[in-house]
Amino acid sequence: MGDLTFQKFVEFLTERKDEIISSMIIDRGSEAYSFFSTHFRQYYIETHGGDKYTRSVAAADSSEFVRELYNGRKIILSRGYSIFEASTYSSFLSEVTWVSRDDLRPLTTMIMEDCEHRSMLELLDHEKPEMILIDGSLTGRLMHGNREFRADRMEGFTQQYYSDLEALLQKVRDSRSIIVFLSKSSESRSLVSEIIKNSDKRKEERSNMTGIVDHVLIKSLARSPGYSIPVEFPSSNLLTKGSIWTFHLLPELNDLPLKIDFVSSSEKSYDNAMLERIVDTIFWAYAGQKVYNIWLSKVDNMVKFRSEEVEKIYMRQFEKTIGIPMYETRGERRARIRI
């Protein structure tokens with residue numbers, strides 16, 4: 001019979017085409033499109049950016065490497081870099097531990113984010129940037145919750161994670177910098193919910209809108225680059241004063257929106273001049289679909305673990321120091337074959 005996998009994929013796409021398209025773009029003939037198009041202009045500001053930008057920007061990103069040993073334990077390496085002008089500040093974590101498979105991904109995500117927080121704390125001890133960019137979502141970090149991971153040697157990590165994040169936000173507040181979190185992928189519905197909440201839409205009619213996320217709304221209705229009005233994130237357990245706001249910025253019509261979180265020193269509002277500075281700086285630093293931010297792209301290229309670096313430096317040092325050859329598990333051998 002031969003290999004029919006591609007044929008099966010084509011059949012799948014043909015069968016599910018309408019469903020997939022409707023999840024990515026709101027159908028123009030739908031009730032949802034009619035409703036949101038009526039209100040969207042009140043919540044979206046068209047602009048290509050202005051001249052209020054700053055180039056005094058620090059940026060942070062992180063990377064991780066995980067390998068399973070034949071005894072089931074994991075080697076975890078994670079590093080965070082923060083850069084400002086010609087300076088780089090780093091934070092590093094290495095561990096060999098048992099981790100529940102269900103907890104591995106969320107744990108390593110939080111480890112990477114914590115490395116970002118700690119590297120930026122170090123930077124702020126020496127530098128005074130006007131703005132700080134961090135790759136990822138602040139609201140997502142606040143939603144990790146107070147979970148305890150099923151992992152050896154990681155007791156109390158979640159508490160330390162939030163302690164470091166609070167320390168970072170407090171230091172940013174003290175330094176009067178602006179801290180901004182940027183992410184390209186997002187399941188946020190803050191804008192959608194705000195539009196529905198402020199409309200006269202009856203509760204029973206809102207069920208038709210539940211599958212629409214903010215980025216789908218913007219891709220469906222925006223006719224020009226611009227940004228949505230910020231929506232306040234509900235109060236969190238962080239001890240630092242102020243409020244957290246989320247908005248979305250579309251740098252080019254054919255690109256994806258960016259989800260942007262920022263912190264205001266005020267409890268219930270934000271400074272319009274601060275918002276203008278954030279918007280103009282992000283537009284100024286946009287360099288196309290592959291480089292959506294010049295500073296975050298630079299630190300991302302620096303911080304990434306690359307296979308040659310890991311194999312020839314870190315894993316070779318593991319074998320040299322521990323004295324046991326770095327046997328791979330079957331899953332990792334399969335991964336190598338696939339690569």
Side-chain angles (χ1 to χ4, degrees), residues 21-55 57 130-131 133 137-139 178-201 209 212-233 243-264 269-297:
I21 291 175
S22 66
S23 71
M24 300 180 74
I25 294 290
I26 304 174
D27 180 5
R28 290 195 171 209
S30 68
E31 179 189 352
Y33 187 92
S34 175
F35 168 74
F36 283 115
S37 61
T38 302
H39 299 278
F40 184 70
R41 288 181 180 274
Q42 303 170 43
Y43 295 84
Y44 186 79
I45 299 166
E46 294 185 349
T47 181
H48 289 80
D51 60 1
K52 303 293 194 305
Y53 60 85
T54 178
R55 285 184 282 183
V57 176
E130 292 181 10
M131 187 176 294
L133 301 181
S137 165
L138 175 56
T139 57
I178 302 170
I179 188 165
V180 180
F181 293 74
L182 273 76
S183 53
K184 261 206 162 183
S185 61
S186 174
E187 297 178 356
S188 165
R189 298 188 74 251
S190 59
L191 177 60
V192 169
S193 298
E194 187 76 3
I195 293 174
I196 293 175
K197 182 182 75 174
N198 294 333
S199 74
D200 57 1
K201 202 77 172 161
M209 318 295 178
I212 300 172
V213 298
D214 294 340
H215 283 187
V216 169
L217 179 68
I218 291 170
K219 285 295 289 181
S220 301
L221 294 176
R223 297 293 173 259
S224 173
Y227 65 96
S228 64
I229 64 165
V231 176
E232 186 178 4
F233 183 72
S243 51
I244 297 167
W245 299 81
T246 296
F247 70 97
H248 305 275
L249 184 146
L250 186 64
E252 275 189 358
L253 205 53
N254 63 344
D255 204 345
L256 298 176
L258 301 172
K259 175 179 176 288
I260 299 166
D261 301 327
F262 68 97
V263 180
S264 169
S269 64
Y270 58 85
D271 182 3
N272 277 315
M274 174 193 286
L275 176 62
E276 205 172 39
R277 198 160 186 79
I278 293 170
V279 168
D280 290 356
T281 299
I282 293 171
F283 269 109
W284 184 86
Y286 176 78
Q289 295 180 20
K290 291 186 177 180
V291 183
Y292 68 93
N293 184 274
I294 56 173
W295 293 291
L296 288 176
S297 178

Fill in: From CG (Leu249) to CD1 (Ile282), nearest 0.5 Å
6.0 Å
Worksheet item: Do Ile196 and Phe36 have side-chain heavy atoms sitting under 4.5 Å apart?
Response: yes
Discussion item. With a 4.5 Å cut-off on side-chain heavy atoms, are Phe247 and Val279 touching?
Written reply: yes
Worksheet item: Hey, does Thr139 have a side-chain heavy atom less than 4.5 Å from the side chain of Phe181?
Response: no
Worksheet item: What are the two closest non-hydrogen atoms of Leu250 and Pro257, and how far apart are they?
Response: CD1-N, 3.8 Å
Worksheet item: Tyr286 versus Leu258: any side-chain heavy-atom pair under 4.5 Å?
Response: no
Worksheet item: In terms of side-chain heavy atoms, does Ser243 have a donor or acceptor partner in Glu232 at a distance below 3.5 Å?
Response: no
Discussion item. In terms of relative ring orientation, are Tyr270 and Trp245 parallel, tilted or perpendicular, with 30° and 60° separating the classes?
Written reply: perpendicular
Fill in: For His39, all residues meeting ring pair (Phe, Tyr, Trp, His ring centres under 6.0 Å), sequence neighbours excluded
Phe35
Worksheet item: Taking atom CD1 of Ile212 and atom CD1 of Ile26, what is their separation to the nearest 0.5 Å?
Response: 4.0 Å
Discussion item. Taking the side chain as everything from C-beta on, heavy atoms only, tell me whether Ile195 gets closer than 4.5 Å to Leu217.
Written reply: yes
Worksheet item: Nearest heavy-atom pair of Tyr33 and Asp27: which atoms, and what distance?
Response: CB-O, 3.1 Å
Discussion item. Rounded to the nearest 0.5 Å, what separates atom OG in Ser183 from atom CG in Leu256?
Written reply: 11.5 Å
Fill in: Heavy-atom side-chain proximity of Val180 to Met131 below 4.5 angstrom
yes
Worksheet item: Can you tell if the side chain of Leu138 reaches within under 4.5 Å of the side chain of Phe233, non-hydrogen atoms only?
Response: no
Fill in: Distance (rounded to the nearest 0.5 Å) between Lys259 NZ and Ser137 OG
3.0 Å
Worksheet item: What distance separates Lys184 NZ from Gln289 CD, expressed to the nearest 0.5 Å?
Response: 6.5 Å
Worksheet item: Of all residues at least two apart in sequence or in a different chain, which pass the side-chain hydrogen bond (donor to acceptor under 3.5 Å, both in side chains) check with Asp214?
Response: Ser188, Ser190, His248
Worksheet entry | Pairs meeting criterion side chain to side chain donor-acceptor pair (under 3.5 Å) with involvement of residues 42-52, two or more places apart | Tyr43-Asn198
Worksheet entry | Closest approach of Trp295 to Thr54 (non-hydrogen atoms, all atoms of both residues) | CH2-O, 3.8 Å
Practice prompt. Could you tell me the separation between the OG1 atom of Thr246 and the CD1 atom of Ile229, rounded to the nearest 0.5 Å?
Written response: 12.0 Å
Fill in: Closest approach of Lys219 to Leu253 (non-hydrogen atoms, all atoms of both residues)
NZ-O, 3.2 Å
Worksheet, complete the sentence: When every non-hydrogen atom of Thr38 is compared with those of Ser34, the smallest separation belongs to OG1-O, 2.8 Å
